[in-house]
K.L.:
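Got a structure for you, written out below as structure tokens; questions coming shortly.
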2 protein chains.
Amino acid sequence: MGDTATSARTRNPLPHRVRRSADQARRTILAVAEKHLANDGPDAVRVQVIAREIGISDAAVHHHFGSRQGLLEALMRHAARSLRTETESVLADWNGKPSGLHRIADGIATIYADRGYARLALWLSQEGWESRGSGIFQPLVDAVHRTRLEQARHNGRVRPKREDAQFAVATLNLALAADPLMGSGFLRSVELPDDRDTRARFRRWLVRTLVSVLLPS
Amino acid sequence: MGDTATSARTRNPLPHRVRRSADQARRTILAVAEKHLANDGPDAVRVQVIAREIGISDAAVHHHFGSRQGLLEALMRHAARSLRTETESVLADWNGKPSGLHRIADGIATIYADRGYARLALWLSQEGWESRGSGIFQPLVDAVHRTRLEQARHNGRVRPKREDAQFAVATLNLALAADPLMGSGFLRSVELPDDRDTRARFRRWLVRTLVSVLLPS
DNA sequence: CCTCCTACTTAGACTAGTATCAGTAGTGTG
DNA sequence: CACACTACTGATACTAGTCTAAGTAGGAGG
């Protein structure tokens, strides 16, 4: 007694030293860090834990990022980038027609729910991550708005506001991102069961509703 | 050197000892804890910080709650209770007519945004706070659904599903709660400015949209 | 006034984490 | 091959936090 207490550091001397390129090492570290961030939030990003998981010492992480803060900042950039990449790949899958909105919504929902990006978006948002990632949903907004303009011209209705499309897309995102974070509570608050099926139905209802408002048939 | 290092405990010997009733003490502690939780999230709930802020020692907090975990559990009950109370008081302000929905939405939005309860709801949700607080929005759902039933009977339309009202209320809550947490990011993602005015317009748009879907005129 | 109860304090043990530093060992290059 | 460069280790310092133990003081009831 009194020497195992020397703590985590002592156990498991690291295996044989592996030398990565600085770039490779940074990416490995960031990937693991992002996983923790997405799954369990920013406070789960612990340099010791990350290091051990990779099989390096925590000092190595400090070597590459200077400090935990440095890691978090790099992580923020990295996370923002991968969120953007994911989002763009979903939008790329899209035929450009509002009729494909359900597919898009499902794709977005998958990003947020299954891949843990909801928490990540929350974190980025709270850190005031303003500059990057803005306007990412503009293509979606544009397509919807364009369709509305055509439809209105065709039916001789008043020219719709672009802001409607913006609000709708924002709502879609907000709801889809919030769903994995707080969905269960709010489903229960209206006495709905909290299961996969209800979630899916909710998502469909949301898209159908937004579409029917934007593009009344 | 080496003795100021004895840490925070040492600075500022506490003023004259104040003796509260156990109940009073617990309530004071919980109130401060809830403030930190609502403003800065669960990890901002630090017994030392709370104690110092009240002017007692951290050991006093342990005396009342046993452990930080104990405090968090009490806090969860307390937070859930006050969230419920707030919500109920907003619902009480309501004339029961769907036309008053904007007022209600504003009230709910105020709870979430201005009083920091969005984070609190998020925390409760993540802790899997299932049992309590469920069904809290049932009165709202009921009123909306009732109105829809009447309207449908009057116009000879098909009987509307109750689930629609539930989903709508859930969406309203989800969006209003998520707005203070991640609203700015998503507003920017559709290239909208992130200011008070836009937020307010967004909220109005949301309610108007949901109402127009539920109660087409 | 005495006495008991308990809310509270002070001191400090213990833990988990970040950060630093001197040295070690892969690796690419002349 | 030798050299320099740097990714990485191991030990250790330091900090911020939780929790405990022992004692202190305010207040209520006899």
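Since the model is a prediction, treat every value here as computed from it, not as a measurement. Hydrogens, waters and symmetry mates play no part in the numbers below; they use all other heavy atoms, side chains included. Protein chains get the first letters and strands the later ones, always in sequence-line order, with residue 1 at the start of each.
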K.L.:
How close or far is atom C1' of D:dA16 from atom CZ of B:R68, stated in whole angstroms?
P.N.:
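Going from CZ in B:R68 over to C1' in D:dA16 covers 13 Å.
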K.L.:
Judged by atom type as modelled, is there a donor-acceptor pair below 3.5 Å linking the side chain of B:W94 to the main-chain atoms of B:K97?
P.N.:
yes
K.L.:
Which residue pairs pass the side chain to side chain donor-acceptor pair (under 3.5 Å) test when at least one of the two sits in residues 38-47 of chain A, sequence neighbours left out?
P.N.:
none
K.L.:
Base, sugar-phosphate or nothing for B:S21? Non-hydrogen atoms, less than 4.0 Å.
P.N.:
nothing
K.L.:
Distance check needed: C:dT18 P versus A:E73 CD, whole Å only.
P.N.:
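Between P of C:dT18 and CD of A:E73: 15 Å.
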K.L.:
Under 3.5 Å between N/O atoms: give me all the protein pairs with nucleotides 22-25 of chain D, atom names plus distance.
P.N.:
| residue | atom | partner | partner atom | Å |
| --- | --- | --- | --- | --- |
| D:dT24 | O2 | B:R17 | NH1 | 2.6 |
| D:dT24 | O2 | B:R17 | NH2 | 3.3 |

K.L.:
Kindly give the heavy-atom pair with the smallest separation between B:S82 and B:E34, and that separation in Å.
P.N.:
OG-OE2, 3.2 Å
K.L.:
More 5' along DNA chain C: B:A59 or A:A59, using each one's nearest nucleotide?
P.N.:
B:A59
K.L.:
Within this structure, what is the CG-to-P distance between B:L72 and D:dT18, rounded to whole angstrom?
P.N.:
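In whole Å, D:dT18 P and B:L72 CG are 10 Å from each other.
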K.L.:
Could you state the CG-P distance from B:D58 to C:dC14, rounded to the nearest angstrom?
P.N.:
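These atoms are roughly 17 Å apart.
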K.L.:
Whole angstrom is fine here: how far is it from CZ in A:R52 over to P in D:dT9?
P.N.:
10 Å
K.L.:
Of the options C:dA19, D:dC19, C:dT18, whose atoms approach the side-chain atoms of A:V47 most closely?
P.N.:
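Given the options C:dA19, D:dC19, C:dT18, the side chain of A:V47 is closest to C:dT18.
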K.L.:
Just how far is it from atom CZ of B:R68 to atom CD1 of B:I50, taken to the nearest 0.5 Å?
P.N.:
8.5 Å
K.L.:
Under 4.0 Å: is that the gap between some side-chain N or O of B:H64 and OP1 or OP2 of C:dC8?
P.N.:
yes
K.L.:
To the side chain of A:A22, which of C:dT18, C:dC8, D:dA7 is closest?
P.N.:
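Within the option list, the nearest is D:dA7.
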K.L.:
Check whether A:S125 reaches the backbone of A:L122 with its side chain - one donor and one acceptor, N or O, closer than 3.5 Å.
P.N.:
no
K.L.:
Whole-Å distance between C:dA19 P and A:Q69 CD?
P.N.:
9 Å
K.L.:
What integer distance in Å separates B:F65:CZ from C:dA7:P?
P.N.:
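These atoms are roughly 12 Å apart.
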K.L.:
Parallel, tilted or perpendicular: which fits the ring planes of B:F202 and A:F167, with parallel below 30° and perpendicular above 60°?
P.N.:
tilted
K.L.:
When you measure from the side-chain N and O atoms of B:H63 to the phosphate of C:dC8, is any distance below 4.0 Å, counting only OP1 and OP2?
P.N.:
no
K.L.:
Using whole Å, report how far CZ of B:R46 lies from C1' of D:dC19.
P.N.:
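Computing the B:R46:CZ to D:dC19:C1' distance gives 14 Å.
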K.L.:
State which residue, out of A:R199, A:R204, A:R203, fulfils the salt bridge (charged side-chain N to carboxylate O under 4.0 Å, His left out) condition with A:D106.
P.N.:
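Result: among A:R199, A:R204, A:R203, A:R203 is the only option passing the salt bridge (charged side-chain N to carboxylate O under 4.0 Å, His left out) with A:D106.
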K.L.:
I want to verify a distance call: between C:dC8, C:dT20, D:dC8, whose nearest atom is closest to the B:A25 side chain?
P.N.:
C:dC8
